[in-house]
Colleague: 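Below are the structure tokens for one structure; questions will follow.
In what follows, residues are counted from 1 in the order of the sequence shown.
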Amino acid sequence: MSELSVDWDNERLEFWIEEKGKFYPPEMRSQGRRWHLAFYVRVSARTREDVQNIILIDEPGLYLHATAQRDILKHLDDASRKSQILISTHSPYLIEPEKLDRLRLVQKHETRGTYIENKIHAVADKETLTPILTAIGLELNQGIVGGNKVDNVVVEGPSDYFYLTAFAQIFDEFHGNFVSGGSSGNMTKIGTILQGWGCRVIYLYDNDKAYKDAQNSIKKDWLTINRDCLTALNIDGAIEDIFTKEEFAAILEIQPETITEKNSNHMKTTRRDKVLPSRMYLQKVRSGIAPYLSPDTSDKIKLLLSHLSSKFQEYSI
């Protein structure tokens, strides 16, 4: 733990870094610590001026570890109440998954040159999306390490987690915890950890071959898991197929006629990232902007959530 200390007389203003009761001049600390100090002083000073400032920062926290970068982000968030702040970064620790609407992507094009893309989920370039997806992955980890609910549903991937979490908030039909398993083959590894913590676990698969494979192999590979703990979506396909084409096109912000096959197949064919649209869907729901759902889609979702609740009522290992 360190604190900034300021000393001054009539002619000089001096900054010191206090650590465990000892005072050090900034030049005796690391490059990251000195940068942190300079950042704090400059941003704080700018936001207290009696003028409207737009503060531009390139790669803040470049020399800082993850915890310090999160501290920088908090300070930037506080400072943004008085001044507009724009930062450029490749660090996932400076990206807030619950505020993806703040993000813009800097793209390069052979003919257009450098331009700003406002719709981050419209970009297919994995290299560009990596910091965002990493930040979302760090968020997903909290589902298992920070879970405080006894009833847990392990799902195949991040998009299942985000859509189902959104559905549970929209309809208030299920009060357990959803946990991303990373993949169908990895779900039971995550689930057995949760069971070891005393949790009750249900495994929710896409309604496809992975579910049938899990049913066939569960007793052979995992003696602690009962087949009754396994279930599948109440639709043919993946979670994206619970929406109508019109609803899913609205989520992707494309024209409905663009989707000429099942929603999940469209994502595979066009090689679109599944995670970003689902995360932004959850963000809208949490912001009170629940996208329109047809009565048929709503009934399917409520039936699925009710089914999961009933699985825990009859739960046994």
Side-chain angles (χ1 to χ4, degrees), residues 35 38-39 42-44 46-47 49 51-64 66 68-140 158-159 162-163 166 240 247-259 266-267 269-289 291:
W35 187 95
F39 164 85
R42 289 188 177 187
V43 173
S44 298
R46 289 296 185 188
T47 56
E49 292 179 338
V51 294
Q52 292 294 319
N53 281 312
I54 298 178
I55 302 175
L56 310 177
I57 309 174
D58 182 36
E59 293 288 0
L62 187 62
Y63 304 106
L64 302 178
Q69 288 187 48
R70 292 193 177 100
D71 180 67
I72 288 291
L73 185 60
K74 182 179 183 303
H75 185 59
L76 288 171
D77 199 44
D78 293 339
S80 68
R81 298 171 187 174
K82 296 183 179 180
S83 299
Q84 185 174 355
I85 298 178
L86 302 177
I87 70 171
S88 65
T89 184
H90 292 88
S91 171
Y93 300 107
L94 293 172
I95 296 173
E96 298 176 278
E98 68 276 10
K99 298 176 182 177
L100 294 179
D101 56 314
R102 292 181 171 182
L103 300 184
R104 303 293 184 270
L105 300 181
V106 180
Q107 294 283 88
K108 291 183 179 180
H109 192 272
E110 290 182 0
T111 57
R112 292 178 62 184
T114 301
Y115 68 98
I116 304 298
E117 175 58 65
N118 293 326
K119 298 178 181 179
I120 62 174
H121 57 286
V123 175
D125 180 12
K126 293 296 183 183
E127 183 177 351
T128 302
L129 296 177
T130 293
I132 303 173
L133 298 177
T134 303
I136 292 173
L138 294 171
E139 176 193 20
L140 286 172
S159 60
F162 291 128
Y163 283 127
E240 291 82 7
E247 292 163 352
F248 196 58
I251 292 172
L252 299 180
E253 298 186 29
I254 60 176
Q255 294 299 317
E257 55 269 21
T258 307
I259 304 178
H266 172 80
M267 299 301 281
T269 302
T270 58
R271 303 180 70 179
R272 295 178 68 106
D273 180 78
K274 297 171 57 175
V275 179
L276 278 176
S278 61
R279 183 58 184 82
M280 297 188 74
Y281 184 88
L282 174 59
Q283 181 173 313
K284 289 181 179 178
V285 170
R286 286 176 171 170
S287 301
I289 314 172

Colleague: What do the steps show when you test Tyr281 against Phe162 for ring-ring contact (aromatic ring centres under 6.0 Å, His included), and what is the final call?
Modeller: CA-CA 8 Å; Tyr281 184 88; Phe162 291 128; over 10 Å; no
Colleague: What closest approach, in Å, do Thr114 and Lys108 show between heavy atoms, and which atom pair accounts for it?
Modeller: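 Shortest heavy-atom separation between Thr114 and Lys108 comes out as OG1-CG, 3.8 Å.
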Colleague: Give the minimum heavy-atom separation between Ala249 and Pro256, together with the two atoms involved.
Modeller: CB-CA, 3.6 Å
Colleague: What salt bridge (charged side-chain N to carboxylate O under 4.0 Å, His left out) pairs are there with at least one residue in residues 72-87, not counting sequence neighbours?
Modeller: Lys74-Asp78, Asp77-Lys99, Asp77-Arg102, Asp78-Arg81
Colleague: Say you draw a straight line from CG of Leu276 to CD1 of Ile251; how long is it, rounded to the nearest 0.5 Å?
Modeller: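 Result: 13.5 Å between the selected atoms.
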Colleague: Is any side-chain heavy atom of Ser159 less than 4.5 Å from a side-chain heavy atom of Glu240?
Modeller: yes
Colleague: Just verifying a value: how many Å separate Asp273 CG and Arg279 CZ, rounded to the nearest 0.5 Å?
Modeller: 13.5 Å
Colleague: Do His266 and Leu252 come within less than 4.5 Å of each other through their side chains, counting heavy atoms only?
Modeller: yes
Colleague: Using modelled atom types and a 3.5 Å cut-off, is there a donor and acceptor pairing between side-chain atoms of Ser278 and backbone atoms of Lys274?
Modeller: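 Checking the backbone N and O of Lys274 against the side chain of Ser278, a donor-acceptor pair under 3.5 Å is found.
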Colleague: If you compare all heavy atoms of Leu94 against all heavy atoms of Leu73, which two are closest, and at what distance to 0.1 Å?
Modeller: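 So the two residues come closest at O-CD1, 3.8 Å.
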Colleague: List the atom of Val43, the atom of Ala79, and the distance in Å for their closest heavy-atom pair.
Modeller: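 Result for this residue pair: CG1-CB, 3.8 Å.
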Colleague: Under a 3.5 Å distance rule, please check whether Ser91 uses its side chain to pair with a backbone N or O of Tyr93 as donor and acceptor.
Modeller: yes
Colleague: For Ile72 versus Pro60, what's the shortest heavy-atom pair and its separation?
Modeller: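 Between these two residues, the closest heavy atoms are CG2-CB, 4.3 Å.
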Colleague: Got a second to check how far Thr269's OG1 is from Ile259's CD1, nearest 0.5 Å?
Modeller: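 Answer for the OG1-CD1 pair, Thr269 versus Ile259, is 11.0 Å.
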Colleague: Looking only at non-hydrogen atoms, find the nearest pair between Ile85 and Ser80 and report the distance.
Modeller: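 Minimum heavy-atom contact is CD1-N, 3.8 Å.
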Colleague: Please answer whether the main-chain N or O of Ile55 pairs with a side-chain N or O of Asn53 as donor and acceptor at a distance below 3.5 Å.
Modeller: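 Looks like no, no N/O pair under 3.5 Å.
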Colleague: To the nearest 0.5 Å, what is the distance between CG on Leu76 and CG on Asp71?
Modeller: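 Taking CG in Leu76 and CG in Asp71, the distance rounds to 9.5 Å.
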Colleague: Would Val106 and Ile116 count as a side-chain contact (heavy atoms from CB on, under 4.5 Å) if you check the C-alpha gap in whole Å, the side-chain angles of each, and the deciding distance to 0.1 Å?
Modeller: CA-CA 5 Å; Val106 180; Ile116 304 298; 3.8 Å; yes
